[in-house]
Amino acid sequence: MKKFLLKILLFASILTAFAYIIDICISKGLISMSDYRFQTWNEISKNEINADLLINGNSRGLSHYVPSVFDSVLNTNSYNIGFGGHPFNAEYLKYHYYISHNKIPKVLIQNVDFLTLSDIFVIGHEREQILPFVKDTYLRKHLPDYGFNLFEIYIPLVRYFGYQKEIKNGLFEKFGLKHYFNTTSEKGFLPEKGVWDPTELNKIEKIPFDKDSFSVDLFIKYLSELKNDNVKVFLVNSPVYYKATEKLEEKAEMYEFYSEIARRFGFIYLDYTSDSLCFDSTMFVKAVHMNKTGAVKFSKKLASDLRKYKLDDLITRK
Amino acid sequence: MLFNSLEFAIFLPIVFILYWFVTNKNLKLQNILIVVSSYIFYGWWDWRFLILMALTTYFSWLSGVLMYNVRNKGSFNETKDKRRLQIISASNIVLNFLILGFFKYYNFFIDSFVDAFSFFGYRIENSFTLKIILPVGISFYTFQALSYTIDIYRKKLEPTKDIISFFAFVSFFPQLVAGPIERATHLLPQFYKSRKFDNEIASDGLRQILWGLFKKIVIADNCAVYVNQVFSDYQSFNGSTLVLGTILFAFQIYGDFSGYSDIAIGTSRLFGIDLMRNFNFPYFSRDIAEFWRRWHISLTTWFRDYLYIPLGGSKGGTLLKIRNTFIIFLVSGFWHGANWTFIAWGAINALLFLPLLLAKKNRKNTDTVAEGKLFPNLIELTQMAVTFILVNFGWIFFRSKSITDSINFIKGIFSPDLFKLPEISGYNGLILSIAVLLLVEWLQRNKPHGLSFNGQKYHILRWAAYFSVILLIFLFGGKSETFIYFQF
């Protein structure tokens, strides 16, 4: 038995050392790739963004707000930390990851819509974006609440299990071998590619306004934290194609909910779901996602609207 | 709890340590540990069904005790007491089949009954089907418990009064949910004796676990991605894609089920318990009869011993042989699930097996293919390829959702674009993994499993091989899928 256990111990030690080295190679490779999935998390971790104007939200947050437009119109330094494919809890995680490495922003644009407060679920869509960063102090502590188990966080290589593409890309990148990247983001902004396609819209019968109680509580907690940190917050309902808005159930309730919550905290709620942009299909790729042209036009409009709120004293000029 | 889960990775070392370091001096305590850990293992999936398993176990044990009492009460009355024994064993068999039948086949019978009436023009409102959850492994542990009752009735086994050993025999966690289906004559006596730790056996057990994990995680889980895609949307693909999907399913089900069996056998060897072999490199078979001697051996031999031979086996006239062959294959198909596709799969295999039986060539290939040689000759190679194709034909029915889907799938294969390139991509790495599997298993085809290395030579090379397999699992492992045979 003693011999058997010693052999196991020796085997496990060598294996752990190997796994640790490979894990580091994959992680470093992925971090250095020009791939939007890892790019924002990496830029945040470098403690160098320190944006005065921060944009947060779901996939609409990610693809409708162009930081370079805000920079030029408001003469500021902005950054987009949108997190696509998830309800609000993922945005909350990314915001806190952001402020654990960067100073608290002076102004925050929070995209809100019919999906923001839907049921909480674990990080699933593009989950791989977090994998190289799980050792981060903040993430290590909070990822178990987002469907990551302790083995993934503490045992080398376990978290990459099943992510064959990422393993290959990470190793190829690390060792300088030729491989193909995905797209890069521009200060966190990721434009939707393609031209207007009504297929998704035609499939949708009704769009419900999901309001999960846990999400609502978390959202209120988030707004309280922002209030305590003296962040000027704009809750913005960005444009969606007008036919999608027509299919939205409990429209009035959604507007009322966000208006009321903004009032409660002394924040501003801006609704663009009836804006003229919503009636032009050339601004969209699908029912609820704008293309780059639409995103630029909307960002210009929003930036010029924000000027009315006298942000000069809040936003440091570059 | 899945073998390929992290929960099991914690569970196994804990049970191992308790088994060899805490309870090792007391056999009863060691068996209690096996029962408790097995119930935890099973309850991890759904604790409610623990009661069902406990009931099946208790009644099977009780039937043994009652039969013992009848046989040992003093004077044995040949007529009366034999009748009593028949009633006791039959009651237990009926009870077990009622439980199995209700959970596994109730809705199937109701639906088929309603369909049959509709066929003859009578409309029946089908309000009898129930939302029944199929308890994992019910077919496996029920058959294991049945083997005990039948063997006692046949006087092949002495009944046990040791209820803890009996509970350990039925619930032994490595083989509880997907076999091998053990015989009471083989496994139960192992719980009566104290076990001694054997370094060689335990080390080989770990190697077998590792090979099982490779087959499950690298082969089966990666094949599953393509197989699910092809079989769920077969109408959209050309013939060559359907052929590829079928071949990948052949490797998926082999990797999945034989992988599970390897992990089960390897795990039990860590506890000093020997389980029967369940797979013997079936895709190197030269005919269907050989395939069935090498595939799911524990079930095939169960049906042979408890159904085929009592029915007369291959003795008697041609009609009897045909009848018995069909019965055993149809029942075997039906055992897999309540769906006509499994019955069709059984019938196809019966049709493929019968010519060999009638020509008395069913035991022609009982040795290992190309024994003592590195490569097979052309005839052996052709025989293996033809057998593989025939087996794959059966797998189409096994994997399809309905008979109609199976037939349409086959029609799709013979479409004009059969010789065009497959319409799915990205499977090159998987093909390479399958090639590694076939190469290793071909070289090891005389051994119990792919990583069975005897002797002390080439330490470094062997360790390098183990590390390579582990790295392959980590780097090329597919997204975790449950085991296919859990549903049976």
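All chains are named by letter (A, B, ...) in the order of the sequence lines, taking the proteins before the strands, and each is independently numbered beginning at 1.
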Check your understanding: Which atoms of Asn222(B) come close to chain A, meaning under 4.5 Å heavy atom to heavy atom: side chain ones, backbone ones, both, or neither?
Key -> side chain
Review point. What part of Ile22(A) is in contact with chain B, defined as an atom under 4.5 angstrom from a non-hydrogen atom: side chain, backbone, both or neither?
Key: side chain
Review point. Is it the backbone or the side chain of Leu270(B) that comes under 4.5 Å from a heavy atom of chain A, or both, or neither?
Key: side chain
Practice item. Using non-hydrogen atoms and a 4.5 Å limit, figure out which bit of Leu6(B) sits close to chain A: side chain, backbone, both or neither. Key: both
Exercise for review: Say whether, by atom type as modelled, one donor and one acceptor occur between the side chain of Thr23(B) and the main chain of Leu18(B) under 3.5 angstrom.
Suggested key: yes
Study note, to complete from the structure: Looking only at Phe18(A), Tyr163(A), Tyr160(A), most heavy-atom pairs under 4.5 Å shared with chain B are made by Tyr163(A)
Practice item. Return the orientation label for the Phe8(B) and Phe173(B) ring planes: parallel under 30°, perpendicular over 60°, tilted otherwise. Key: perpendicular
Check your understanding: Pick one: which of Lys135(A), Glu166(A), Arg159(A) meets side chain to side chain donor-acceptor pair (under 3.5 Å) with Ser27(A)?
Key -> Arg159(A)
Practice item. Answer with side chain, backbone, both or neither: which region of Ile167(A) has an atom nearer than 4.5 Å to a non-hydrogen atom of chain B? Key: side chain
Practice item. May I ask you to decide if the ring planes of Phe172(B) and Phe191(B) are parallel, tilted or perpendicular, using 30° and 60° as cut-offs? Key: perpendicular
Check your understanding: Measuring from His289(A):NE2 to Arg60(A):CZ, what's the distance to the nearest 0.5 Å?
Key -> 4.5 Å
**Study point:** Part of Phe474(B) lying under 4.5 Å from any heavy atom of chain A
**Key:** both
Check your understanding: Where on Ile473(B) is there a heavy atom nearer than 4.5 Å to chain A: the side chain, the backbone, both, or neither?
Key -> both
Check your understanding: More than 12 heavy atoms of other residues, nucleotides or ligands under 6.0 Å from CH2 of Trp463(B): is that the case?
Key -> yes
